[in-house]
Number of protein chains: 2
Amino acid sequence: MDERNVRILQAVAELGTGSPDEIAEYTDIPKSTVHYRLSKLKEDGVVTNDLLDVDLEQLGLDITVVTEVTAEYDEQYHEEVGEKLADIEGVNQVYFTMGDTDFIVISHLSDRKMVHRLISDYESIDEVVRTSSQFVVETVKNESYPLNDFEFDTLIEAVDDD
Amino acid sequence: MDERNVRILQAVAELGTGSPDEIAEYTDIPKSTVHYRLSKLKEDGVVTNDLLDVDLEQLGLDITVVTEVTAEYDEQYHEEVGEKLADIEGVNQVYFTMGDTDFIVISHLSDRKMVHRLISDYESIDEVVRTSSQFVVETVKNESYPLNDFEFDTLIEAVDDD
DNA sequence: ATTGAAACTTGATCGTT
DNA sequence: AACGATCAAGTTTCAAT
């Protein structure tokens with residue numbers, strides 16, 4: 001991995017496409033070089049398919065943190081708190097729950113320093129009362145494309161044509 | 001949504017590509033029709049970018065379940081239990097933790113019936129002691145491409161060229 | 001809305017540095 | 001490993017249904 005590869009992957013995330021042409025324009029790297037780099041990333045297993053899913057460990061994002069956040073808020077503000085959490089850099093998923101905990105937040109990070117930064121970012125939100133059950137976890141399965149055969153069968157039964 | 005659209009999205013998940021050609025072959029739908037359908041899915045916001053991320057709510061997968069699973073197992077079997085959990089149909093993410101809870105499991109499902117099925121699938125695993133903190137949650141943010149500007153900056157600093 | 005075939009754009013390849 | 005020029009391959013469009 002070097003900076004150029006990271007910039008290519010960054011362009012993918014930013015543009016939402018894997019087109020060598022668009023990536024080339026965005027990064028100012030010639031498109032044949034972009035193509036060469038992307039092929040190599042696939043060959044090395046960093047990028048795992050045509051949808052450009054990435055292997056987090058190979059990128060050094062081995063730390064996944066699952067945090068349960070409790071917040072103090074009026075009914076009408078839970079959306080606002082959720083968005084504040086979502087805006088924290090490094091946060092990938094935010095779920096709102098209706099149990100003891102209010103939010104479950106998931107982040108993929110590169111090192112411990114970033115974990116500390118994340119925690120202090122949580123604490124800087126006024127409404128956040130406490131962050132409990134901070135799990136640093138090992139990823140067993142991470143299916144980015146959220147649909148599987150099971151769901152498809154259900155969906156096919158369920159769909160009313162429109 | 002109709003069955004044909006679902007089958008196209010299923011092909012995307014199965015093949016790991018958005019190529020009209022490959023999808024056409026897999027589904028036996030003519031490639032120009034596949035193209036027409038995919039364009040419409042993008043236009044309607046069901047598919048949100050060239051990487052073919054999907055809007056779960058629009059697909060009727062509005063129920064996300066986060067489950068904390070505790071298991072009884074010898075040290076060498078935690079991998080096996082993790083895989084059993086990952087194999088359950090409808091399970092999208094599995095994280096192994098080193099706290100009180102052993103696994104955090106995330107699923108996207110279409111209705112309550114499926115939630116019950118999921119729970120009974122957990123219970124059918126020998127080593128699973130209990131499933132606690134079953135949260136049915138509302139998705140505030142779900143970023144499937146797991147990389148963001150924050151991480152990219154960190155990565156660019158961190159990378160040693162290889 | 002569907003499709004086969006035509007038109008076109010693009011990604012992949014190759015040879016050179 | 002990088003890259004500009006070239007070509008094959010793929011996608012997109014179109015007209016008819």
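Everything numeric here is computed off the predicted structure, so don't read it as measured data.
In this structure, Glu89(A) pairs ionically with Arg117(A), as a charged nitrogen and a carboxylate oxygen lie closer than 4.0 Å.
Here dA12(C) is the nucleotide among dT13(D), dA12(C), dG11(C) with the atom lying nearest to any side-chain atom of His35(A). Closest approach to the Pro20(A) side chain among dG4(D), dA12(C), dT2(C) is made by dA12(C) (side chain taken as heavy atoms from C-beta onward). Counting only heavy atoms from C-beta on, Ser32(B) has its side chain closest to dT13(D) among dA12(C), dT11(D), dT13(D). Taking the side chain of Arg4(A) as heavy atoms from C-beta on, and the options dT11(D), dT2(C), dA2(D), the nearest nucleotide is dA2(D). Side-chain proximity of Lys40(A) to dT13(C), dT11(D), dA1(D): nearest is dA1(D). Closest contact between the side chain of Arg37(B) and the listed nucleotides dA5(C), dT2(C), dT11(D) involves dT2(C).
Hydrophobic clustering of Ile, Leu, Val, Met, Phe, Trp and Tyr side chains at less than 4.5 Å, counting indirect connections, keeps Val69(B) apart from Val129(B).
Here the side chains of Leu41(A) and Met1(A) are in contact, with some heavy-atom distance below 4.5 Å. Under the 4.5 Å side-chain criterion, counting only non-hydrogen atoms from C-beta, Thr70(A) is not in contact with Phe103(A).
Among Glu123(B), Glu127(B), Glu79(B), the one residue that satisfies the salt bridge (charged side-chain N to carboxylate O under 4.0 Å, His left out) test with Lys84(B) is Glu127(B). Here the options are Arg37(B), Lys40(B), Arg7(B), the test is salt bridge (charged side-chain N to carboxylate O under 4.0 Å, His left out), and the partner is Asp2(B); only Arg37(B) passes.
The two atoms that bring Glu83(A) and Val140(B) nearest to each other are N-CG1, 4.3 Å, heavy atoms only.
The bend of the helix from dA1(C)-dT17(D) to dT17(C)-dA1(D), defined by the angle between the axes of its first five and last five pairs, stands at 30° to the nearest 10°.
One atom, CG of Asp21(B), and another, P of dA9(D), lie 12 Å apart when rounded to the nearest Å. Rounded to whole Å, the distance from CG on Leu38(B) to P on dT2(C) is 12 Å. Between the CD atom of Glu25(B) and the C1' atom of dT3(C) there is a distance of 18 Å, rounded to whole Å. Taking atom CG of residue Asp44(B) and atom P of nucleotide dA1(C), one finds them 10 Å apart after rounding to whole Å. Nucleotide dT11(D) holds its P atom 11 Å from the NZ atom of Lys42(B), rounded to whole Å. One interatomic measurement links the two molecules: OH of Tyr36(A) to P of dT13(C), which rounds to 13 Å at whole-angstrom precision. Taking atom NZ of Lys31(A) as the reference point, atom C1' of dT6(D) lies 10 Å away to the nearest angstrom. Between the CG atom of Asp50(A) and the C1' atom of dG10(D) there is a distance of 13 Å, given to the nearest Å.
Backbone-only contact: Ser19(B) has heavy atoms under 4.0 Å from sugar-phosphate atoms and none from a base.
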